S.K.: 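Shown below is the structure under consideration.
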Amino acid sequence: QFIHQINQTDLETAVAETRAKSYHEFVVLLKMIIASSNPLQSTAVTFLMPNDEKLSEVVATPEHLHDFILSHSIPTVLLNNNLLHFPNGTLVPSSQPGRMLSMTNSGKLGTYVNNARLVNFNVWMNSQLKSHGISSSITCNSPISSSQSMASLNRHGRVYQLEILYYL
């Protein structure tokens, strides 16, 4: 379980930063979640945001809105430098328990999270909330067990460790 709720001041700063960009719809969805009876409860989050045009193509019912936002976030702060240096195939936990995001770095072709290309880095840059623009909504595969994720993270004899706020 997450420990703390998102700081409202940080969220308002992040909302103001999106005014010059095309991520308004994602922020509206995020505000709906925060105002709901089941808010996101983390102090440090990285959001992966489809732009307004791509988000308008998503069919998300109100009861699946929370899962959609969780599947498009990572429960720790990751800057573009962090995302660009994950080895291919690295699995990163999403905020949705049991769901992992696969990182693929294709050099000049770009960096991908599952099926979505990272297209706009560091949209929000306040202290505890970071966000990056992606080319489409993220398609999540079936849930991955913690033993599968550790096997992926142990590739090449190295362990890539993320500080996360919940246990898989």
Side-chain angles (χ1 to χ4, degrees), residues 1-18 21 23 26-27 29-31 33-34 36 38-50 65-105 110-156 158-168:
Q1 293 292 322
F2 290 114
I3 300 169
H4 304 286
Q5 279 191 314
I6 292 174
N7 180 305
Q8 289 297 317
T9 304
D10 283 347
L11 180 62
E12 290 305 319
T13 301
V15 168
E17 290 175 15
T18 63
K21 300 181 173 92
Y23 300 100
F26 191 89
V27 172
L29 295 178
L30 186 57
K31 286 180 125 182
I33 291 295
I34 290 171
S36 75
N38 191 14
L40 299 176
Q41 301 204 354
S42 178
T43 57
V45 179
T46 299
F47 291 102
L48 302 167
M49 304 184 306
L65 183 59
H66 194 262
D67 289 341
F68 179 82
I69 294 294
L70 290 178
S71 70
H72 284 73
S73 64
I74 300 167
T76 192
V77 173
L78 292 174
L79 298 173
N80 65 324
N81 209 26
N82 305 117
L83 295 169
L84 293 173
H85 289 97
F86 282 120
N88 283 338
T90 299
L91 294 176
V92 177
S94 74
S95 296
Q96 188 175 24
R99 300 285 182 173
M100 303 295 279
L101 303 172
S102 176
M103 303 300 297
T104 305
N105 289 309
T111 300
Y112 290 81
V113 179
N114 287 15
N115 61 302
R117 184 173 188 244
L118 289 161
V119 294
N120 193 356
F121 291 100
N122 302 330
V123 176
W124 300 344
M125 286 301 296
N126 65 39
S127 62
Q128 296 299 308
L129 296 177
K130 303 292 187 244
S131 71
H132 308 288
I134 55 176
S135 64
S136 62
S137 69
I138 294 174
T139 303
C140 283
N141 299 328
S142 59
I144 298 175
S145 71
S146 59
S147 61
Q148 288 173 306
S149 65
M150 284 310 295
S152 172
L153 292 173
N154 281 317
R155 288 183 180 180
H156 308 295
R158 292 178 251 158
V159 175
Y160 297 94
Q161 193 172 26
L162 290 175
E163 183 177 315
I164 59 175
L165 301 174
Y166 67 92
Y167 298 100
L168 293 175

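Not measured: the values here are computed from a predicted model.
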S.K.: Check Thr104, Val92, Val113 against Phe86 for a side-chain contact (heavy atoms from CB on, under 4.5 Å) and give me the one that passes.
M.R.: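 When side-chain contact (heavy atoms from CB on, under 4.5 Å) is applied between Phe86 and each of Thr104, Val92, Val113, only Val92 qualifies.
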
S.K.: Minimum heavy-atom separation for Val45 and Ser73, please, with both atom names.
M.R.: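 For Val45 versus Ser73, the nearest heavy atoms are CG1-CB, 3.7 Å.
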
S.K.: Ser94 side chain to Arg99 main-chain N or O, any donor-acceptor pair under 3.5 Å?
M.R.: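 Yes.
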
S.K.: Check for a donor-acceptor pair, side chain of Asn114 on one end and backbone N or O of Ser102 on the other, with a separation under 3.5 Å.
M.R.: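 Yes: the side chain of Asn114 pairs with the backbone of Ser102.
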
S.K.: Mind telling me whether His132 and Phe121 have parallel, tilted or perpendicular rings, with 30° and 60° as the class edges?
M.R.: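 If you compare the ring of Phe121 with that of His132, the planes turn out perpendicular.
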
S.K.: Of the non-hydrogen atoms in Ser136 and Ala116, which two are nearest, and what is the gap between them?
M.R.: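 Looks like O-CB, 3.5 Å.
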
S.K.: So, for Ile134 and His72, which heavy atoms are closest and what is the spacing to 0.1 Å?
M.R.: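 For Ile134 versus His72, the nearest heavy atoms are CD1-CD2, 3.8 Å.
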
S.K.: How long is the straight-line distance from CG of Leu129 back to CG of Leu30, given to the nearest 0.5 Å?
M.R.: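 Output value for this atom pair is 8.0 Å.
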
S.K.: As an exercise, state the distance from CG of Asn120 to CG of Asn80, rounded to the nearest 0.5 Å.
M.R.: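 So the gap between those two atoms works out to 10.5 Å.
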
S.K.: Let me confirm one number: the CZ-CG distance from Phe47 to Leu78, rounded to the nearest 0.5 Å.
M.R.: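 With rounding to 0.5 Å, CZ (Phe47) is 12.5 Å from CG (Leu78).
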
S.K.: Hey, are the side chains of Lys130 and Trp124 touching, using non-hydrogen atoms and a 4.5 Å cut-off?
M.R.: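 No. Closest side-chain heavy atoms not under 4.5 Å.
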
S.K.: When rounded to the nearest 0.5 angstrom, what is the spacing between NE2 in His85 and OG1 in Thr111?
M.R.: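 Separation between the atoms: 9.5 Å.
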
S.K.: Considering non-hydrogen atoms only, spot the tightest contact between Phe68 and Ser71 and give its length.
M.R.: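 Phe68 and Ser71 have their closest heavy atoms at O-OG, 2.9 Å.
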
S.K.: With no hydrogens and no angle check, is any side-chain donor or acceptor of Asn88 less than 3.5 Å from a backbone partner on Asn105?
M.R.: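 Side chain of Asn88 to backbone of Asn105, a donor-acceptor pair under 3.5 Å: yes, one is there.
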
S.K.: To the nearest 0.5 Å, tell me how far Leu29 CG sits from His66 NE2.
M.R.: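 Taking CG in Leu29 and NE2 in His66, the distance rounds to 12.5 Å.
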
S.K.: Measure the spacing between CD1 of Ile74 and CG of Leu83 and express it to the nearest 0.5 Å.
M.R.: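 Reported to 0.5 Å precision, the distance equals 6.0 Å.
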
S.K.: Less than 4.5 Å apart, any side-chain heavy atom of Leu48 and any of Leu101?
M.R.: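 When only atoms from C-beta onward are counted, Leu101 and Leu48 do touch, with a gap below 4.5 Å.
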
S.K.: So which heavy atom on Ala44 is nearest to which on Val77, and how close?
M.R.: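 Smallest heavy-atom distance, with atoms named: CB-CG2, 3.6 Å.
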
S.K.: What's the shortest heavy-atom distance between Asn115 and Ser137, and which atoms?
M.R.: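 What the structure gives for the nearest pair is ND2-O, 3.2 Å.
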
